[in-house]
Amino acid sequence: MSSYDPQTIEQKWQSAWNEGETFLAVPDANKPKYYVLEMFPYPSGRIHIGHVRNYTMGDVIARYKRSTGHNVLHPMGWDAFGMPAENAAMQEGGHPKDWTYNNIAQMRDQMKPLGLSIDWTREFATCDPEYYGQQQALFLDMLGADLVYRKNAVVNWDPVDMTVLANEQVIDGKGWRSGADVERRELTQWFFKISDMAGELLDALDGLDNWPAKVKTMQANWIGQSRGLQFSFELTESTHGFDGVEVYTTRPDTLMGASFVGVSADHPMIKAMEAEDPNLASFCAEVRKGATNAEAIEKAEKLGFDTGLKVKHPLNPDWELPVWVANFILMDYGTGAIFACPAHDQRDLDFCRKYDLPVTDTFFALDNDTPVANEAFVPAKTEKVKWVNHFAGLDVATGQDAIDATIGFAETAGWGTGKTQYRLRDWGLSRQRYWGCPIPVVHCDSCGIVPEKKENLPVRLPDDVSFDIPGNPLDRHPTWRNCECPACGKPALRETDTMDTFVDSSWYYARFTSPNSTTPTDTNEAGYWMNVDQYIGGIEHAILHLLYSRFFARAMQITGHLPASANEPFDALFTQGMVTHEIYMTKDDKGRPVYHLPEDVTDGKLADGTEVTVIPSAKMSKSKKNVVDPVKIIADYGADTARWFMLSDSPPERDVEWTAAGAEATYKHLNRVWTLSEKIAAMGDDSGQGDEDLLRTMHKAIFDVTQGIESFGFNAALAKLYGFTNALAKSKASASAQREAIRVLAQLMSPMTPHLAEEIWAAHSGDGLLADAPWPVADEKMLVEDTVTMPIQINGKRRSELTVPKDLDKAEVEKLALADDAVLRALENGPVKKLIVVPGRIVNVVI
RNA sequence: GCGGUCGUGGCGGAAUUGGUAGACGCGCAGCGUUGAGGUCGCUGUGGGGUAACACCCGUGGGGGUUCGAGUCCCCCCGACCGCACCA
């Protein structure tokens, strides 16, 4: 008997799959296709255990689908542009390109031993000129289709990374990568017209039945649809060419409670007025500088400036309202102007109390007429309230009904229009960085902005750049900018901005369908493989990456690079949980925490006997040293152990805790399976007992494991495999039955532990590669037991049980139940009031 | 503040969706093998109670619906996540 040696068998079978081109994906009209994709990694240089979990889940699906007759596409690539490469160049010297490609080579070497069923021939990195050149072609097509434009915009400027960030990349007022406080700057920037699709992106969420509700909710909130009324307040005297102030409100029903009209400091009318009013100008400057970080916004005092302008109330020309500039009004939402209704909006109320402006209630709760004091009355829109003097004649109605009535009223009267508004802004894609996809346009003195010709693509990044000073190396490159105008041929200058790296990951899934195509996609290949049937990745991409990808799929459809059926790129989405680990801490002589790697801690002690404090499991991080290295795990136990353990214990959508004991237990289990296989292989043609039982257990396992995989219940599937293994180990069945069982066990384990499974399959004369074998099918007849054991409850509590033939009729079951000892005992306390028999399930005797 | 998810043994977690709560794994205990330990094998393991049964309690807390509730409804407590001056 040999012992389980993962190092040897894993390499052996990886070579076999490789030589057999087992996982090469080739379109085949005779097979249903299945496209499995895990979010591709950033090439940091080392894989972490989270990658192992993510890619193992995808691999389980991919291998399972292959064995059920699907033509599977399961590719891998690298999200390779971005800041860390430049940071490394700045800190350690070297070139971002070398750094990136070296990291990719290292990570590929670390990933391949996992034995993933990936078609490596499709591999690419987004920093390959072949990829970003096609991205530039796509950009030009989008420019032609009016999906990209340039505008002057107040942008989020990250002073550390020295670049612009999209709104989505600003988290609590800080840069998502650098963590620096973001400033506001005005620059000319390129934008994708994602906001034009806001309604469509929102509505289409409804059709994504196999996406987590949480992700859909997050996207819906981000898109932020609201329905309201837009109308104009007429100025008593026009100023700087403005006759009125256009406002947008979602609560037009509160118009009778209007207190003042508020406008943003960035409103064009205010900007015009600033020129001749230094006080106003300094106020606006103060507001613009204003807080961008969350705490400051939270605490921010309401600030206002009375412009002295007056407007007429649309329902009563004699009623004049003052116009104030207020710091809480945003120019890029709605019209940048509002009317304030302090009684029913806390912000407006705070403002009015501070500047002593009137507060008028427009409705009351049905049971409470107390006027608003310092807390605005803001009931749910679905709640009925009592209206004071409503202009559209309402008395008691819900807020929503009142809003609808008011919009109707205003439209009929002709002074306002119902309007749907979105929170989603256009996606600013310009980045003042080197290591990104160059924006393929040229600035010509005569022709203006001119797209580069497609035959000149890719616009390549120059290699001879330096990172000794901050800012964009493309900007200061001596010659790279110089080019000919594609329109007039005169000397011109290239755009030096590169694209946000989220652009790279917004269409890579489509490129995988034809990675070598000389157009962004080959429409035949894309037509065959798209959509992604199962996408797997982290919840952290719920908004940014997934929303951008949905936008790009539509843009690629409009520009002819994807079929209309690929509108939504990801049919099903699964968001997996993190891998966590305990944190081990001691303190130094100054009382500061010192963290220790898991491998340095045994039984809560360091090697020198010092006790460590154990902090509950948290996301692995280098600074807390609670990390395990997949390379070491694979070296110690093999890939199959790492894969199996990452799927056991916790449901895949939840966090899983890495424990040394758990990994050890997995390894032991795989050893037991190995030993069991050896034992069975050594059996003669013995006869035995309990073949039927073993085969029934086997078919039940086939059924349960299949269901577990289909429903992403990997942990439950593994539990069933433990059960089946234990049953087989104890079985006294004949050699032939045991051989059949061990072969099926190998098959059922193969998505999770493919190497061990192949080895067992081969040892028991399985036909060809297990990776090519069809998935076993449970025999329905073997799933149905002849007899069932039903619990007997007395007054709802289980007291006894009854084993009867499955089809025994109800009256017989009742008779047997009433003869049960426990029931007889209970009957001493009184007669049967009710007798419930659910055939095959349960008996309940009510006394 | 608004929205969502979730609370089950010492621990990770199951529960065919209203039908035997605690599958499976870890840990722990006992026995066997080895005989120093570890490995390996077997058995037990929610709490109380009993010689053993019986029996009582038990899915964050309280109430309700039901023959029957971890599962459905209402209230409360706690944890985590997302959003948050968006008019």
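Residue numbers start from 1 in every chain, and the chains themselves are labelled A, B, ... in the order their sequence lines are given, proteins ahead of strands. Everything quoted here is computed from the prediction, not taken from an experiment.
- The distance between atom CD1 of I794(A) and atom P of C56(B), rounded to the nearest whole Å, is 10 Å.
- In terms of phosphate contacts, K214(A) brings no side-chain nitrogen or oxygen within less than 4.0 Å of OP1 or OP2 of C81(B).
- Heavy atoms of N795(A) sit nowhere under 4.0 angstrom from any nucleic acid atom.
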Discussion item. Just to be sure I follow the notation: if a pair is Watson-Crick (purine N1 to pyrimidine N3 plus N6-O4 or O6-N4) or a G-U wobble (N1-O2 and O6-N3), each under 3.5 Å, what dot-bracket string does RNA chain B give, with | for pairs to another strand?
Written reply: (((((((..(((......[....)))((((((.......))))))(((......)))..(((((..]....))))))))))))....
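- Taking the syn range as angles within 90° of 0, the glycosidic angle of U59(B) is outside it, so the base is anti.
- What separates CD1 of I842(A) from C1' of G19(B) is a distance of 4 Å, to the nearest Å.
- The phosphate of A87(B) has neither OP1 nor OP2 within less than 4.0 Å of any side-chain N or O from Y248(A).
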Table please: side-chain donor-acceptor pairs of residues 661-672 of chain A below 3.5 Å, with sequence neighbours left out.
residue, atom, partner, partner atom, Å
E664(A), OE1, Y637(A), OH, 2.8
T666(A), OG1, G662(A), O, 3.1
N671(A), ND2, Y667(A), O, 3.1

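- Spacing between atom CD1 of I543(A) and atom P of C81(B) amounts to 15 Å, rounded to whole angstrom units.
- The closest side-chain donor-acceptor pair between S226(A) and Y333(A) falls under 3.5 angstrom.
- Rounded to an integer number of Å, the gap from E540(A) CD to C83(B) P is 13 Å.
- Taking the side chain of A665(A) as heavy atoms from C-beta on, and the options A87(B), C83(B), C26(B), the nearest nucleotide is C26(B).
- C11(B) sits 15 Å from U59(B) when the P atoms are compared, rounded to a whole Å.
- Residue V846(A) places its side chain closer to C67(B) than to any other of C67(B), G13(B), C57(B).
- The nucleotide whose nearest atom lies closest to any side-chain atom of K730(A) is, among C26(B), G13(B), U43(B), U43(B).
- When the P atom is used for both C74(B) and G3(B), the distance is 14 Å, rounded to whole Å.
- No hydrogens or angles were tested; on distance alone, nothing pairs the side chain of N221(A) with the base of C83(B) as donor and acceptor under 3.5 Å.
- Applying the 4.0 Å criterion to OP1 and OP2 of A84(B), one finds that R423(A) has a side-chain N or O inside that range.
- The separation of U45(B) from C24(B), taken at their P atoms, amounts to 12 Å, rounded to a whole angstrom.
- Distance from the side chain of T249(A) is smallest to A87(B) among A87(B), G19(B), G13(B).
- The nearest whole Å value for the distance from the CZ atom in R799(A) to the C1' atom in C67(B) is 15 Å.
- The separation between K810(A) atom NZ and G19(B) atom P is 17 Å, rounded to whole Å.
- Checking A87(B), C26(B), G19(B) against the side-chain heavy atoms of Y333(A) singles out A87(B) as nearest.
- Proximity of a side-chain donor or acceptor of D704(A) to a complementary backbone N or O of K720(A) within less than 3.5 Å is not detected.
- For W222(A) and Y548(A), the ring centers sit 6.0 Å or farther from each other.
- Residue-environment remark: OH (Y355(A)) exceeds the threshold of 12 foreign heavy atoms within 6.0 Å.
- Between the side chain of D361(A) and the backbone N or O of V372(A), at least one donor-acceptor pair lies under 3.5 Å.
- Heavy atoms of I329(A) sit under 4.0 angstrom from at least one base atom.
- Among C26(B), C42(B), G13(B), the nucleotide with an atom closest to any side-chain atom of P651(A) is G13(B).
- The backbone N or O of A542(A) lies less than 3.5 Å from a partner atom in the side chain of Q219(A), making a donor-acceptor pair.
- Under the salt bridge (charged side-chain N to carboxylate O under 4.0 Å, His left out) criterion, D636(A) pairs with K632(A), not counting sequence neighbours.
- Side-chain proximity of R798(A) to the nucleotides C83(B), A21(B), A87(B) is greatest for A21(B).
- In this structure, the ring of F363(A) has its center less than 6.0 angstrom from the ring center of H344(A).
- Note: CG (L547(A)) to P (G82(B)) measures 17 Å, nearest angstrom.
- Here the side chain of F328(A) is nearest to one of C85(B), U20(B), G13(B), namely C85(B).
- RNA chain B is contacted by T250(A), R251(A) of residues 250-266 of chain A, taking any non-hydrogen atom closer than 4.0 Å.
- Picking from A87(B), U39(B), C67(B) the nucleotide with the shortest atom distance to the side chain of K668(A) gives U39(B).
- The two residues I709(A) and A717(A) have their closest heavy-atom pair at N-CB, 4.4 Å.
- In this structure, K619(A) and N626(A) approach most closely via the heavy-atom pair O-ND2, 3.3 Å.
- At the heavy-atom level, Q793(A) lies under 4.0 Å from base atoms of the strands shown.
- Of the C1' atoms belonging to G78(B) and G60(B), the separation is 7 Å, rounded to the nearest Å.
- RNA chain B lies under 4.0 Å from at least one heavy atom of each of the following residues of residues 698-723 of chain A: N715(A), A719(A), Y722(A).
- Scanning for side chain to side chain contact (heavy atoms under 4.5 Å, CB included) contacts around D820(A) gives I792(A), S800(A), A822(A), V823(A), with sequence neighbours left out.
- Judged by closest nucleotide on RNA chain B, V838(A) is the one of G334(A) and V838(A) placed further toward the 5' end.
- Residue-to-nucleotide proximity on RNA chain B shows that, of G796(A) and R654(A), the 5′-proximal contact is made by R654(A).
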Item to complete: Test F351(A) against F260(A) for ring-ring contact (aromatic ring centres under 6.0 Å, His included), laying out the working first.
Response: CA-CA 10 Å; F351(A) 191 93; F260(A) 66 94; 4.8 Å; yes
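- The listed nucleotides are C26(B), A87(B), C67(B); the one nearest the side chain of I338(A) is A87(B).
- Using a 4.0 Å cut-off, some side-chain N or O of K797(A) falls inside it from OP1 or OP2 of C57(B).
- Here K833(A) does not reach the OP1 or OP2 of C67(B): none of its side-chain N or O atoms lies under 4.0 Å away.
- Panel note: side chain K216(A), backbone L208(A); a donor-acceptor pair is recorded below 3.5 Å.
- Residue S648(A) is classed as having no contact, given no heavy-atom separation below 4.0 Å to the nucleic acid.
- Nucleic acid contact class of S226(A) (heavy atoms, under 4.0 Å, all strands): sugar-phosphate only.
- Distances shown here put every side-chain N or O of R672(A) at or beyond 4.0 Å from the OP1 or OP2 atom of U39(B).
- To the nearest angstrom, C1' of U39(B) lies 12 Å from OH of Y667(A).
- Applying the 90° cutoff around 0 to the glycosidic angle, G9(B) is assigned syn.
- The aromatic rings of H541(A) and H545(A) sit perpendicular to each other, their planes meeting at more than 60°, with 30° as the lower class boundary.
- In this pair, F712(A) and F574(A) present their aromatic rings parallel. The plane angle is below 30°, not in the 30 to 60° band.
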